[in-house]
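In what follows, a structure is listed as structure tokens, so that the remarks can point back to it.
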4 protein chains.
Amino acid sequence: MRFLSDNSAAVCPEIMEAIAAANVATEKAYDGDDWSLRLDGVFSEFFGKECRVFAVGSGTAANALCLSLVTPPFGAVLCHREAHIHVDECGAPEFFTGGAKLILCEGEDAKLTSETVDAGLASMRGDFHQVQVRAISLTQATEYGCVYTPDEVAAATSGARWRGMRVHMDGARFANALVHLGCHPGDVTWRAGVDLMSFGAIKNGGMGAEAIVVFDPQLAYELPFRRKRAGQTPSKGRFRAAELIAYIETGVWERNARAANAGAARLAKAAGARLTHPVQANELFVNIGDAGEALRAKGFSFYDWGAAGSGEARFVVSWDSAPADIEALAAALEAL
Amino acid sequence: MRFLSDNSAAVCPEIMEAIAAANVATEKAYDGDDWSLRLDGVFSEFFGKECRVFAVGSGTAANALCLSLVTPPFGAVLCHREAHIHVDECGAPEFFTGGAKLILCEGEDAKLTSETVDAGLASMRGDFHQVQVRAISLTQATEYGCVYTPDEVAAATSGARWRGMRVHMDGARFANALVHLGCHPGDVTWRAGVDLMSFGAIKNGGMGAEAIVVFDPQLAYELPFRRKRAGQTPSKGRFRAAELIAYIETGVWERNARAANAGAARLAKAAGARLTHPVQANELFVNIGDAGEALRAKGFSFYDWGAAGSGEARFVVSWDSAPADIEALAAALEAL
Amino acid sequence: MRFLSDNSAAVCPEIMEAIAAANVATEKAYDGDDWSLRLDGVFSEFFGKECRVFAVGSGTAANALCLSLVTPPFGAVLCHREAHIHVDECGAPEFFTGGAKLILCEGEDAKLTSETVDAGLASMRGDFHQVQVRAISLTQATEYGCVYTPDEVAAATSGARWRGMRVHMDGARFANALVHLGCHPGDVTWRAGVDLMSFGAIKNGGMGAEAIVVFDPQLAYELPFRRKRAGQTPSKGRFRAAELIAYIETGVWERNARAANAGAARLAKAAGARLTHPVQANELFVNIGDAGEALRAKGFSFYDWGAAGSGEARFVVSWDSAPADIEALAAALEAL
Amino acid sequence: MRFLSDNSAAVCPEIMEAIAAANVATEKAYDGDDWSLRLDGVFSEFFGKECRVFAVGSGTAANALCLSLVTPPFGAVLCHREAHIHVDECGAPEFFTGGAKLILCEGEDAKLTSETVDAGLASMRGDFHQVQVRAISLTQATEYGCVYTPDEVAAATSGARWRGMRVHMDGARFANALVHLGCHPGDVTWRAGVDLMSFGAIKNGGMGAEAIVVFDPQLAYELPFRRKRAGQTPSKGRFRAAELIAYIETGVWERNARAANAGAARLAKAAGARLTHPVQANELFVNIGDAGEALRAKGFSFYDWGAAGSGEARFVVSWDSAPADIEALAAALEAL
């Protein structure tokens, strides 16, 4: 009964079929095929705005390439202390930007707010002795499974935007956030001030493609070069494009995310007061005290979280988590 | 009738099946799954030597990561003037190494020889005003579709090895070379002095995985970090591993390469004296004079090569090129 | 009456004379001259250990080059949250290392302790998702004008050394620390576990040369290349070497630092309970409340420190601060 | 009798005096002092155009910082095969640009021409598989001691400028070129299409300061950050600024260069038909056959040049070369 990560879930049938359907010889390799050429259009319709879209092979690549477009080597990116780009990408943002810094801010539930962003900005100076903050990055849903409303995105980024900084969204679990919000995809992205985003698909039923979505076409100019240079432009690019097109057009982004969120909601009810963060997407953080060993003995896999001995655990529900597994875990959590 | 590139070929059925078979939920994401854990063993058996193997998403990534292991930022890599790493990777080696240089050597058929390598080495000094050559990279089969024998690999690299430099092989079309040679894979790699290689599969019936094969385990220590940092460690790594395992274990590496090479040999016979390089793998370089327009009018796609107006053209045969297409092209070349 | 920074002090006569004496034509440029060739010997004698020494043009260059020797691009350096390398070098460590991270630790008086270092190390993991801490950097005297004893250096770095990490000391004000300690230079550096250091001279009566001192010769191998590549190997290197030799051999390092420290001690007595940190070198941090405007009106220049409105101010005494200025400031501080 | 390099010459008295005169305590460190604040004005008057000027500590730093302003990491700089930035800077351009490439062109006397530049540009493609040429760099006087006329500068760069590329001049021996030309400094720089330059002073009687001169202020925006980050912003910046101001205002740039050029002209007359390049500045390249040993036995120091056994030697005349030494060498060359 796997609750370690949605990264270990299977690929959903619709995406497997799309990959199989793309397995024909094409005239042109790299991005010259029919699938790759459709990416911009499909995402532009999804977001209600003309955008440029590039498939890459991991969320880390998407994040780091995005940041390299908006942050010079002497620049900095403001993000939450718990942001995946800081904690879990082995310095990819520093590598792709040529050595920019991440400036870490606080915030409940791994969310930035206008107050914590202002405090972060106030800690930096504009003289040449310091790197210059040029971008802000926020994660939707956050690393604690919480979701920014459109107003919260706009508010958290307003101080940065007012200073001419660019806004990046790490949308590794964007579909889960969108299902929670029930809003139009544009409402919580470009209409709320987001300039470019990492659009996740792999965790939510995809196989190996994430999308970089650039809402301001001028920002995209450097991307084909930086992407190729990073080894993120595969010669059979049509397979990645086909995944992403299927993800959007068949609606699995929504179906899969809804299933995962529902499972998490069921577990949240069971965990009750033991929750350490609101459950708004497909992750739960629960104070299980010293019950870790017992839960694992019952067959549940999950990560301990926080400081050693904190008693906190993370459970992630996947689009394909078995209902019986969820019920079993719910029962076990209720019994704590 | 497509002869532009083997990059636009289809994926062979065995690999599609392996991908489908890997579509089960796993306990661990990233490289913790059963397929990823088998990679070292499968390749170690193939090469007859214990090696460390890492799947990545493109040949450019494989090359650049390999070079970053053996070349410090103040270092240099000696390669042929026509090497893919210099001509067609948008500076990926420079990016991944932190700004090392490529030192360009001459050589017929895009092959390095001990003479041209010695000349390249002799052009560099050991003082601190210059970057220091630390590695040599050669392409098998070469960018002109020619194949190094084991002795040629050993000879071309001996001067560099004697100086303690490391040897990298760009094996984007390694299977085609191996089929031509008919030797054991180890004979033309580690037994001939190769320390690490980019092992191509995508052009020869694969979908999206190439392998980095490190024959000296000590060299591999940094790779998990550099790979993650480059966004080349996908969360569902099992799909890439499954591709590579199937590529080796089902024997399609050989079957597919043999088919492509045979098609090229058929065309070589037709092109006769118009060939500008020996045909030893699956690429032909032909002097077609001013017949380019006429050939395209008949439905053949291919690239012009060399300087504008040179009359040279490149034809690439894929593992799945239709026999009828090959015969049609052979007839057209004979008619020139 | 300047108390802004020791960086704006004059150059002491002994160093001016040494520069003038070096103004003869030499046989060899760069580092081939008689002064440069003596650097290793002069510093080896000073520190009581054979070391390799390289002159560079700024403290930032010294720090960043040092860190690039001990930190791979996927590495990290552990340092204090207030460390100059983090706060005031515009990302030089990130640039020179190829994108490593700085991991920030806490500590009173900008001092690392074994507890805060352990906490920093405990916050990091050894898996490939994170950068790997490979070095620790501490500043002597610290950014708050405090001095580590030899035991404190050894204690703060022991956990890192036990893990095989390297120890860097930013000695921008090393002479001031040494005068305070009264110990042998080796006691608080290599004997306490320091592998390499930035040895400051400019703030303490020098003109334009700082030294990189490498106590482990093996670490120095890459430095001539990295230094040249960074534009830190001037063609008339003899002038920088001459400065550093004079700094050591004439004893001005001690005389100048003693004068500056004595001035600071005089002011510390005047500031009394208003001091926010112990005064052990040539800097004072004083809570002046709302007296900033009045002090400036009297002709004193200094920096406000800490958060806006905190009432904290920094006063730096230089080797050439006029006694009358110091007395005037002492009186003003006493009158607060 | 030293003819190895002008880098080993002495510093001229006017510059020594200026350095001594700058040895007063100042209010502000770094670039806030009175000398640094005058740099823009002094050079703007010299060049007849408003420009931004930054002192750095070496020609390598000047070149690499300049190139980093006009070349993105995925970019390329077109230069001569013998350019100092390629041959003798240990990869500094690659380091500072984040891994851009140098594209090497041919040309007599190390001079680029419109033909060789066009050939270089024609060798590159605009697609994302290749780095994109964004700048051209030419050396004045060239690495073979030859001088571009204003028309030659304009012609060699016109193709690049027409394509929107930027033009950098490596002016390590700019004064020698200017004296040869007798034209206004603006004629052979910004009026001929140069956007920014490395303005040399060290070889021509300076001590440790070279200037970056940016003729287009918009280009200069990033420079204070990139310079600090490179450790090229010394805290006592006034000394470097004072050197450069004296170099211009006292006219030693001209006097010193005139002396060195005259010495070289005298030697050129002596070398006659043995010259391998025209002598237009202060360097001679002479075919001395097998006379190297004999010349050295007479007390002359110089570098062998070109391939081993070529019989070519380089002699450099400095501003302070003794007339007797020059006459002695002239006699020796005539006697060959």
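Both backbone and side-chain heavy atoms feed into the values below; hydrogens, waters and symmetry mates do not.
When the candidates G231(C), G208(C), S8(C), A10(C) are compared by the number of heavy-atom contacts under 4.5 Å with chain D, S8(C) comes out ahead. Interface summary for chain D: among A61(C), A92(C), A62(C), G32(C), the most heavy-atom pairs under 4.5 angstrom belong to A92(C). Interface check for chain D: of the options P93(C), A230(C), P234(C), the most heavy-atom pairs under 4.5 Å are formed by A230(C).
Residue contact with chain C, scored on non-hydrogen atoms closer than 4.5 Å, involves the backbone and the side chain of A20(D) alike. Heavy-atom distances place the side chain of Y30(D), and not its backbone, under 4.5 Å from chain C. Proximity to chain C (any heavy atom under 4.5 Å) is shown, for I19(D), by both the backbone and the side chain. Interface remark: R240(D) contributes side-chain atoms only to the contact with chain C (heavy atom separation under 4.5 Å). There is no contact between A64(D) and chain C, counting heavy-atom distances below 4.5 Å. Looking at F225(D), the atoms closer than 4.5 Å to chain C (heavy atoms on both sides) sit in the backbone and in the side chain alike. Proximity to chain C (any heavy atom under 4.5 Å) is restricted, for M16(D), to the side chain, taken from C-beta onward. Only the backbone of D88(D) comes within less than 4.5 Å of a heavy atom of chain C; no side-chain atom from C-beta onward does.
Results of the side-chain hydrogen bond (donor to acceptor under 3.5 Å, both in side chains) test with S235(D) over T60(C), D6(C), N7(C) single out N7(C) as the only residue that passes.
Atom CZ in R226(D) sits 10.0 Å away from atom SG in C90(C) (nearest 0.5 Å). In this structure, the separation between NZ on K236(C) and OG on S5(D) is 9.0 Å, given to the nearest 0.5 Å.
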Review item, side-chain donor-acceptor pairs of residues 22-29 of chain C, under 3.5 Å, at least two apart:
unit_1	atom_1	unit_2	atom_2	d
N23(C)	OD1	V11(D)	N	2.6
N23(C)	ND2	V11(D)	O	2.9
T26(C)	OG1	K28(C)	O	3.1
E27(C)	OE2	S301(D)	OG	3.1

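Using non-hydrogen atoms only and a strict 4.5 Å limit, the part of residues 196-206 of chain D facing chain C consists of I202(D), G205(D), G206(D).
The two residues R229(D) and F96(C) come nearest to each other via the heavy atoms O-CE1, 3.4 Å.
Using cut-offs of 30° and 60° on the angle between ring planes, the pair F95(C) and F95(D) is parallel.
In terms of modelled atom types and a separation under 3.5 Å, the side chain of Q232(D) and the main chain of G57(C) share no donor-acceptor contact.
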